[in-house]
*Asks:* 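Just dropping this structure here.
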Amino acid sequence: MASKQMLVLAAAALAVAFLPALAAATEHWVGDDKGWTLGFNYSAWAQTKQFKVGDTLVFKYSEPSHTVVEVSGADFKTCTKPENSKVLTTGQDQVTLSEAGRRWFVCGVGAHCQNGMKVRIDVLAAEEAASGPSAPPPPASSPAAEVRARLAQAVLAVTAVIAAVLVF
């Protein structure tokens, strides 16, 4: 009987240990299925998302048609690409949101930024995101986020089944 209780406790501990990690970070595909492209409203897209420290932005685009450049707020407004800026060019660029605050990204190709290919991201600290309004979370913005959510549900279900079997 004692070993069954230990097994239940171990299963519960594993669930508690792994579920926060699965749910903690979200991978946001900028522009969802449209990707990083011309003719998309990135301001409206960003308003439907909640970005928090630890999340990742994924910019998917056809290279060399576009680039991703992180800029300051002033450069964002004027669509200016500073001389010393780092330009991402892989077509599947990933940016980890490592600290809270505002971040600005533009396409550095031609007049793409002036034509709306830019996005402002407001990153919340993990505590802010957790204590925010109790509205339902925004929809997952990538297949990877959906897989993580389903995996978390599966871990909970398996843990519950193991606990039920061991108790009875």
*Asks:* Return the set of residues passing side chain to side chain donor-acceptor pair (under 3.5 Å) with Ser43 (not counting sequence neighbours), or none when no residue passes.
*Replies:*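 Testing Ser43 for side chain to side chain donor-acceptor pair (under 3.5 Å), a comparison that skips the adjacent residues, returns none.
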
*Asks:* Can you list everything that forms a side chain to side chain donor-acceptor pair (under 3.5 Å) with Gln94? Sequence neighbours excluded, please.
*Replies:* none

*Asks:* Compute whether any side-chain donor of one residue and acceptor of the other, for Trp45 and Gln47, lie under 3.5 angstrom apart.
*Replies:*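 There is no such pair (donor and acceptor under 3.5 Å, judged by atom type) between the side chains of Trp45 and Gln47.
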
*Asks:* Could you tell me if the side chain of Phe59 sits less than 4.5 Å from the side chain of Val119, heavy atoms only?
*Replies:* yes

*Asks:* Show every donor-acceptor pair shorter than 3.5 Å between a side-chain atom in residues 79-89 and any protein atom, with sequence neighbours excluded, or say none if there are none.
*Replies:*
unit_1, atom_1, unit_2, atom_2, d
Thr80, OG1, Thr78, OG1, 2.7
Ser85, OG, Pro82, O, 2.6

*Asks:* According to side-chain hydrogen bond (donor to acceptor under 3.5 Å, both in side chains), does anything in residues 100-112 pair up with another residue at least two apart or in another chain? List the pairs.
*Replies:* His66-His112, Glu70-Arg103, Arg102-Asp122

*Asks:* Any donor-acceptor pair under 3.5 Å linking the side chain of Ser62 with the backbone of Ser65?
*Replies:* no

*Asks:* Looking at every heavy atom in both Val123 and Val53, which two are closest together, and how far apart are they?
*Replies:* CG1-N, 3.6 Å

*Asks:* Where do Tyr42 and Trp36 land on the ring-ring contact (aromatic ring centres under 6.0 Å, His included) test, with the steps shown first?
*Replies:* CA-CA 9 Å; Tyr42 292 101; Trp36 186 236; 4.9 Å; yes

*Asks:* Would you mind listing every disulfide bond (SG atoms under 2.5 Å apart) that reaches into residues 26-63, with sequence neighbours excluded?
*Replies:*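 Checked against disulfide bond (SG atoms under 2.5 Å apart) - neighbours excluded - no pair reaches residues 26-63.
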
*Asks:* Salt bridge or not for Lys49 and Asp32, using N-O below 4.0 Å?
*Replies:* yes

*Asks:* Of all heavy-atom pairs between Ala25 and Gly54, which one has the smallest distance, and what is that distance?
*Replies:* CB-O, 3.4 Å

*Asks:* Sub-3.5 Å donor-acceptor pair from the side chain of Asn115 to the main-chain atoms of Ala111, do we have one?
*Replies:*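 Side chain of Asn115 to backbone of Ala111: a pair is present.
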
*Asks:* Mind checking what makes side chain to side chain donor-acceptor pair (under 3.5 Å) contact with Asp93, not counting sequence neighbours?
*Replies:* Tyr61, Thr90

